[in-house]
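Since the structure comes first, as C-alpha cells, the remarks are kept for the end.
Remember, predicted model here, so these are calculated numbers, not experimental data. Heavy-atom basis, side chains included; hydrogens, waters and symmetry copies ignored. Chain A is the first sequence line, chain B the second, and so forth, proteins listed ahead of strands; every chain is numbered from 1.
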Amino acid sequence: MQSDLLPFIDWRYHPRQVIPPRERIITAGDPTEMLFLLESGVALAPNAAVRGHKHFPDLVKKANMNDITYAAGALLSLLEMLALDAYRHDVLAHEECRVIGIDRLEIKAMWNRENRMAWPLSCSIAAAITQRRQTRFLL
Amino acid sequence: MVQNNEEIRLFHGEALFRAGQMAHEFYMVNSGAIYVLDEKGIIALKQFFAGELFGIPEVLAKGPWANTAIANGVTVLKRFDASHLFRSLDEMPTHQSDFIRHIARLA
C-alpha cells in the first residue's frame with residue numbers, strides 16, 4: 001500500500017469521491033494541487049508507462065504494456081504530482097473507484113514539520129525521473 | 001546536505017561512467033556538459049549543463065547506471081559520494097527516507 005508511505009496522514013478524515021467506470025479521475029493538464037489515493041477499484045493511466053516503470057497489466061485484461069494500472073492503495077501519478085505543476089497523463093477509472101484527495105500543500109507542510117529536506121529532495125528526484133521519461137518518450 | 005566532495009575534470013569525449021557500472025556517486029556540473037548516451041552510444045538521451053545535479057535516483061536505488069555518460073568539451077564536475085546522501089537520509093524520520101527511496105526506485 002503506497003498510502004503507508006505517508007503514515008502521518010489520517011486518511012479516515014478526508015472526503016471520498018466515487019468515480020464511475022470509464023470516467024476520469026485525473027485529466028491531463030489538471031494542476032497537481034491534489035494527490036489522490038485510490039482506496040478501492042482499479043484505475044488506468046493510458047500510455048503513461050515507459051521502460052522501467054513498474055505496473056501491473058494483469059489487473060486489467062485490456063491494458064496494454066504502455067498503460068499504468070493502479071490497484072487499491074496506490075497513490076495516483078505520484079511522480080507527476082511531485083515533479084510538475086500540472087498532471088501530464090489522464091487517469092481513468094477502469095471499474096468504479098473510490099478516491100481520497102488531499103491537498104499537496106497540506107502534505108508538504110506536514111513533511112516540513114519533521115525535516116525540511118525531505119520534500120525538496122523527493123521533488124527533485126521525481127523531477128529527474130519525469131524529465132528522463134519525457135526525453136525517452138520524445139525519442 | 002553533502003559537504004565532502006571532489007572536483008573532477010574530463011576531456012572532451014571522456015567517459016564519466018559506463019552502462020552497467022554501479023552508481024556510487026552523483027554529480028554536479030561546474031562547467032562544460034555531460035551527455036548521457038543511448039545504448040549504441042550515438043544519440044544523447046539527456047544533457048546536463050553547469051549548475052545541474054544528476055545521479056541521485058540511481059544512487060538511492062543502489063543500482064547500475066543504465067547508460068554511458070561522456071563529457072562534451074572539457075568538463076568540470078563535483079563528485080558526491082553516496083554515503084553522504086545515505087547519512088542525510090538516516091537522519092530523517094524513517095517514513096520520510098522510505099518515501100524518498102520508494103520514489104528513487106521508480107527511476
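B:I100 approaches A:A118 most closely through the heavy-atom pair CD1-O, 3.7 Å. Annotation for A:A126 and B:I103: closest pair N-CG2, 4.0 Å, computed over non-hydrogen atoms.
The NE2 atom of B:H102 sits 10.5 Å away from the OG atom of A:S122 when rounded to the nearest 0.5 Å. The CD1 atom of A:I125 sits 11.5 Å away from atom CZ of B:R105, with the distance rounded to the nearest 0.5 Å.
Hydrophobic clustering (ILVMFWY, side-chain heavy atoms < 4.5 Å, transitive): A:I26 and A:M34 are in one cluster. B:W65 and B:L77 fall within the same hydrophobic cluster, where Ile, Leu, Val, Met, Phe, Trp and Tyr residues are linked whenever their side-chain heavy atoms come under 4.5 Å apart, directly or through other members. Both A:F36 and A:I107 are part of a single hydrophobic cluster, where members link through side-chain heavy atoms under 4.5 Å apart. No continuous path of ILVMFWY side-chain contacts below 4.5 Å connects B:I43 to B:Y35, so the two sit in separate hydrophobic clusters. Residues B:F17 and B:V59 fall into different hydrophobic clusters, defined by Ile, Leu, Val, Met, Phe, Trp and Tyr side chains chained together at heavy-atom separations under 4.5 Å.
Both the backbone and the side chain of B:H95 come within contact range of chain A, with heavy atoms under 4.5 Å apart.
B:F99 has its side chain out of reach of A:L121: every pair of non-hydrogen atoms, C-beta onward, lies at least 4.5 Å apart.
Judged by distance alone, with hydrogens and angles left aside, the side-chain atoms of B:Q96 form a donor-acceptor pair with the main-chain N or O of A:W111 at under 3.5 Å.
Scanning for side-chain contact (heavy atoms from CB on, under 4.5 Å) contacts around A:E106 gives A:H14, A:I102, A:D103, A:M110, with sequence neighbours left out.
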